[in-house]
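Scroll down for the structure; my scribbles are underneath it.
No hydrogens, no waters, no symmetry mates; every other heavy atom, side chains included, goes into these values. Note that this is a predicted model, so its numbers are computed, not measured.
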Amino acid sequence: MRALFAGLSWFAAAAGAAASGPDLERARELRSAGDYAAVYELLRPFDATAQADAEFYLLLGEAALRTQRAEQAKALFERSLAAAPASLAARLGLGRAYLALGDYAGAKLAFETVLR
């Protein structure tokens, strides 16, 4: 009975956390500490429900890029730019993703846009 109650309590806590959305504050703390794998694992479950949140996509994109997921990072930085077209951080991240993918023309264009 105790095991069942403990399992139900854990499930309720997990469901409550998922319903409240991604913890961007915690993601920022983890990023500051350089723990990009933890940022990725924290935010990844919310990717499908982010509702065009530029900061969310920026944080997840940075985490994806720093954990060797350049193709995914590129898509996430593009989503961040779609939500906030003037974001220099997202444009710079996109350039870095292009560079990681070996798309030097795309990287050059993104970096030149940042410089302008």
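The hydrophobic clustering, which links ILVMFWY residues whose side-chain heavy atoms are closer than 4.5 Å, places F56 and F77 apart. Both L60 and L24 belong to a common hydrophobic cluster when Ile, Leu, Val, Met, Phe, Trp and Tyr are linked at side-chain heavy-atom distances under 4.5 angstrom. No continuous path of hydrophobic side-chain contacts links L99 to L65 [ILVMFWY only; heavy atoms under 4.5 Å]. Cluster annotation: Y40 is not connected to L58 through the hydrophobic network of ILVMFWY side chains, with a link wherever side-chain heavy atoms come within less than 4.5 Å. Residue L59 is grouped with residue F46 when hydrophobic side chains (ILVMFWY) are merged at heavy-atom distances under 4.5 angstrom, including chains of intermediate members.
Shown here for E78 and Y98, the closest heavy-atom pair between the two residues is OE2-OH, 3.7 Å. Among all heavy-atom pairs drawn from A54 and A84, the shortest one is CB-CB, 3.7 Å. Between A100 and A70, the shortest heavy-atom contact is CB-CB, 3.8 Å.
Interatomic distance, CG of D47 versus CZ of R79, reported as 4.5 Å (0.5 Å rounding). With rounding to the nearest 0.5 angstrom, the CG atom of L43 is 12.0 Å from the CD atom of E62. Taking CG from L115 and CZ from R91, the interatomic distance works out to 12.0 Å, rounded to the nearest 0.5 Å. Between L42 atom CG and R31 atom CZ the span is 12.5 Å, to the nearest 0.5 Å.
Considering only heavy atoms from C-beta on, T113 stays 4.5 Å or farther from L88 through its side chain. The side-chain heavy atoms of R69 and L76, taken from C-beta on, include no pair separated by under 4.5 Å.
Distance alone, capped at 3.5 Å, is enough to place a donor-acceptor pair between the S32 side chain and the R28 backbone.
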